[in-house]
Chemist: 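This is the structure, below, for whatever I ask next.
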Protein chains: 2
Amino acid sequence: MAAKSEQTRQLVADVALKMFREIGFEKTTMRAIAQEAGVSVGNAYYYFASKDELVQELYIQVQDEHAVVAAQALESVQDLAGRLKAVLHTGVDVMAPYHQFGSDFIATAIRPSSPVNPFGEASTAAREASLAIFRSAVDGSSPAVAKKLRGDLPELLWLAYMGVALFWVYDKSEGQRRTRKLIDGAAPLVARGLSLAKIPGVGKVFDDVLGLVRTVKEDS
Amino acid sequence: MAAKSEQTRQLVADVALKMFREIGFEKTTMRAIAQEAGVSVGNAYYYFASKDELVQELYIQVQDEHAVVAAQALESVQDLAGRLKAVLHTGVDVMAPYHQFGSDFIATAIRPSSPVNPFGEASTAAREASLAIFRSAVDGSSPAVAKKLRGDLPELLWLAYMGVALFWVYDKSEGQRRTRKLIDGAAPLVARGLSLAKIPGVGKVFDDVLGLVRTVKEDS
DNA sequence: TGAAACTTTTGAACGTGTTCAAGGACGAGT
DNA sequence: ACTCGTCCTTGAACACGTTCAAAAGTTTCA
C-alpha cells in the first residue's frame, strides 16, 4: 500500500478543514489538529509546511467545487446577467460553510507571501480555474458580448468576484442576504452597462478604461 | 507634570512606528519595542492593548497627515479629475515610507475584529476624516458634479481609494510607479465617466447603480 | 536474512503575542 | 509622619506556530 503516507496527509487535511468549519481558524490550533487526528504536531508539519498550507487545501477544494457547480448552473442560462448571477451565487454557495472563517482566510490570503494569495504563484492553478469559469460565462452568453470587451472582461469580472467575496466576508446579515441582493442587483447592471458600449461617447470611455487596464497590467 | 504617563506612551508609540518603518512588522516584536524604549514588555501593554493598537496609532497618524497635505493640494485645483488625482497622489505620498509594511498592515486591517479595520467602529474617526477629504474634493470641484451623484460619490471614491491602496501594496515597481500611472489614468476617466450621466440611457444605469448602493447599504 | 537508505513520526525546544499577580511610585487627607 | 488609593511598572508564565535532531518504520538490494 503506497497510500499509507497519503492517508495520513488526507487525515490531517480532513480534520483541519472540519475544525476550520466548526470552530474557526484561531481555535483550530496545530496541536488540536494533531491531537484530533491522532498524530504528533511535527507529523502534521511533515505534510503541511505551515498552517497556511492547510488553508490552501481548503481554498483549492472550494474552488474545485465552484468550478463544478458553476458549470452545471451555466448550462441552462443564456443571457449575460443570468450567467453572471449563476457564477456569483454558486461561488457564495460553496463558500457558505466557511463564513465565520472568512475574515481569517482573507487576512491570510491577502499577504503576498501566502500560498493562498489569489494573485500569487502558489495559486496560479486555482486562479486559472476560477478565471476559466468567468471566461465560459462570458463566451457562452447570448446575445454575445461586444468583441472588444470579450478579452478582458473575464479578468475584470473575476476581480469583481474578489470584491463580492470581500463583501460577503463582512456581511453579517442572516444567510448573507445582502450579498445575494448585491449579486442580483449588480449582475443585470453590469450587463446593461456593457451594452452601452455601443453609444459613441460611452464607447470612447470604455476603450480608455481597457487601455488603462492593459497599461497597468503590462508595466510590471 | 501630569505628562509623565503620556510621555511613556508617546515613547513607546514613536519607537514602534520607527521600527515598523525601518525593519517591518514581523521583526518589530513587542520585546524589541520594549527594549528599545527602555521599558518592560508589560508596560508597553499597559498603554497599548495589542500590537494591533500600535498599528492603529500609525494609521491615525498617516490619515491625519493625508488630511493636511490633501487639503493643501486641493487649493490650487478646480476640475474633478485634477482634484481626484491630488487626493490620491497625496494619499500614496503619506503611505510611501511604510510600503514594505503594507501587506502586513492590510492583513491586520482587514479582519473585522481589528481596531484598524477601516470599516470598523474603532476607526470611525479616521474614516470620517478620510471621507471628508473626498467630500471636499467633490463639492469644491468646478464644473460641478451632477447633483444626484454628489451625495454618494465621496463614499464611492473613498472605496475606490481603498482599492488603490490595495493595488499600491502589491505594486512592486520602483517607487510604485504603476500606482501613479493608475491614478493618472483613472482619475480623468472617472471624471469623464461621470459626465456621461447626462446621456439619457446612461443616466438610467447610473440611477440604478446608486439605487443598488443605497439598498445594499441600508439593509443591515 | 541482513544491512543500508529512505520515509515517516516523535516531542522537546524556540521565539512570538499576550496576561497577570505582585510590587513600586506618588499624591491626598489626616 | 503615616496610610490609603490610584496610577504605573515589572517579569515570569501561558498558548501559539514552527523547527529539528533523533528515533522508528519501511523499502531496497545483494
Side-chain angles (χ1 to χ4, degrees), chain A residues 1-17 19-20 23-58 101 103-105 107-111 113-117 122, chain B residues 1-17 19-20 23-58 101 103-105 107-111 113-117 122:
Chain A
M1 173 179 325
K4 177 65 195 312
S5 171
E6 184 56 27
Q7 206 171 318
T8 309
R9 195 197 134 92
Q10 266 309 321
L11 175 63
V12 172
D14 288 349
V15 167
L17 264 60
M19 291 183 84
F20 281 154
I23 63 174
F25 182 73
E26 301 201 341
K27 284 199 208 153
T28 304
T29 68
M30 292 302 287
R31 282 167 181 81
I33 294 170
Q35 181 168 5
E36 188 78 12
V39 302
S40 70
V41 187
N43 200 13
Y45 273 95
Y46 180 75
Y47 293 103
F48 301 94
S50 65
K51 200 178 173 185
D52 281 8
E53 282 200 4
L54 281 166
V55 176
Q56 189 186 16
E57 199 73 9
L58 184 163
F101 177 77
S103 56
D104 295 291
F105 173 75
T108 296
I110 212 153
R111 31 173 58 95
S113 62
S114 165
V116 216
N117 183 299
Chain B
M1 177 182 316
K4 178 67 197 310
S5 170
E6 185 57 25
Q7 206 172 318
T8 309
R9 195 199 135 92
Q10 266 309 321
L11 176 63
V12 172
D14 288 349
V15 167
L17 263 60
M19 293 183 84
F20 281 154
I23 62 175
F25 182 74
E26 301 202 341
K27 284 197 207 152
T28 303
T29 67
M30 292 302 287
R31 281 167 182 80
I33 294 171
Q35 181 167 6
E36 188 78 10
V39 301
S40 70
V41 186
N43 200 11
Y45 274 94
Y46 180 76
Y47 294 103
F48 301 94
S50 64
K51 199 178 175 184
D52 282 6
E53 282 200 4
L54 281 166
V55 175
Q56 189 186 15
E57 199 72 9
L58 184 161
F101 176 77
S103 56
D104 295 292
F105 173 75
T108 296
I110 210 153
R111 32 172 53 99
S113 62
S114 166
V116 217
N117 183 298

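For the numbers below, each heavy atom of this structure counts, side chains included, while hydrogens, waters and symmetry mates do not. Chain identifiers are assigned alphabetically (A, B, ...) following the order of the sequence lines, protein sequences preceding nucleic acid strands; residue numbering begins at 1 within each chain.
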Chemist: I want to confirm an ordering. Mapping Tyr47(B) and Thr28(A) to their closest nucleotides on DNA chain D, which one lands closer to the 5' end?
Modeler: Tyr47(B)
Chemist: Please enumerate all residues that pass salt bridge (Lys or Arg N to Asp or Glu O under 4.0 Å) together with Glu57(A), with sequence neighbours excluded.
Modeler: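 In terms of salt bridge (Lys or Arg N to Asp or Glu O under 4.0 Å), with neighbours along the sequence ignored, Glu57(A) is linked to Arg9(A).
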Chemist: Just by protein heavy atoms under 4.0 Å, how would nucleotides 18-28 of chain C read 5' to 3' in B, S and -?
Modeler: BBB--------
Chemist: Looking only at side-chain N and O atoms, does Tyr46(A) come under 4.0 Å of OP1 or OP2 in dT19(D)?
Modeler: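 No.
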Chemist: Rounded to the nearest angstrom, tell me the gap between atom CG in Asp104(B) and atom C1' in dG17(C).
Modeler: 15 Å
Chemist: Run the side-chain donor-acceptor check on residues 38-48 of chain A: report pairs under 3.5 Å with partners two or more places apart or on a different chain.
Modeler:
from     : atom 1 : to       : atom 2 : distance (Å)
Ser40(A) : OG     : Asn43(A) : N      : 3.2
Tyr47(A) : OH     : Ser5(A)  : OG     : 3.2

Chemist: The criterion is side-chain contact (heavy atoms from CB on, under 4.5 Å); which residues satisfy it with Ser113(A), sequence neighbours excluded?
Modeler: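 Ser113(A): side-chain contact (heavy atoms from CB on, under 4.5 Å) contacts with Arg111(A).
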Chemist: Within this structure, what is the CD-to-C1' distance between Gln7(B) and dC7(D), rounded to whole angstrom?
Modeler: 16 Å
Chemist: So, for Leu54(B) and Ala13(B), which heavy atoms are closest and what is the spacing to 0.1 Å?
Modeler: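 It is CD2-CA, 4.1 Å.
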Chemist: Of all residues at least two apart in sequence or in a different chain, which pass the side-chain contact (heavy atoms from CB on, under 4.5 Å) check with Ala32(A)?
Modeler: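 Ala32(A) satisfies side-chain contact (heavy atoms from CB on, under 4.5 Å) with Met19(A), Thr29(A) once adjacent residues are dropped.
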Chemist: Can you find a side chain N or O atom of Ser5(B) that sits less than 4.0 Å from OP1 or OP2 on dC8(D)?
Modeler: yes
Chemist: Without decimals, in angstroms, what is the distance between Gln35(B) CD and dT10(D) P?
Modeler: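 Checked: the CD to P distance equals 13 Å.
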Chemist: Need one value for Phe48(B): base, sugar-phosphate or nothing, where a base atom within 4.0 Å counts as base even if backbone is also close, heavy atoms only.
Modeler: nothing
Chemist: Give a yes/no on whether any side-chain N or O of Thr8(B) is located under 4.0 angstrom from OP1 or OP2 of dT9(D).
Modeler: yes
Chemist: How close or far is atom P of dT7(C) from atom CZ of Arg9(A), stated in whole angstroms?
Modeler: 16 Å
Chemist: Rounded to the nearest angstrom, tell me the gap between atom CZ in Arg111(A) and atom C1' in dG17(D).
Modeler: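 To the nearest whole Å, that distance equals 13 Å.
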Chemist: Which residues pass the side-chain contact (heavy atoms from CB on, under 4.5 Å) test with Leu11(B), sequence neighbours left out?
Modeler: Val15(B), Ala37(B)
Chemist: Rounded to the nearest 0.5 Å, what separation is found between the CG atom of Asp52(A) and the CG atom of Leu58(A)?
Modeler: 12.0 Å
Chemist: For Glu6(A) and dT7(C), what is the distance between atoms CD and C1' respectively, to the nearest whole Å?
Modeler: 14 Å
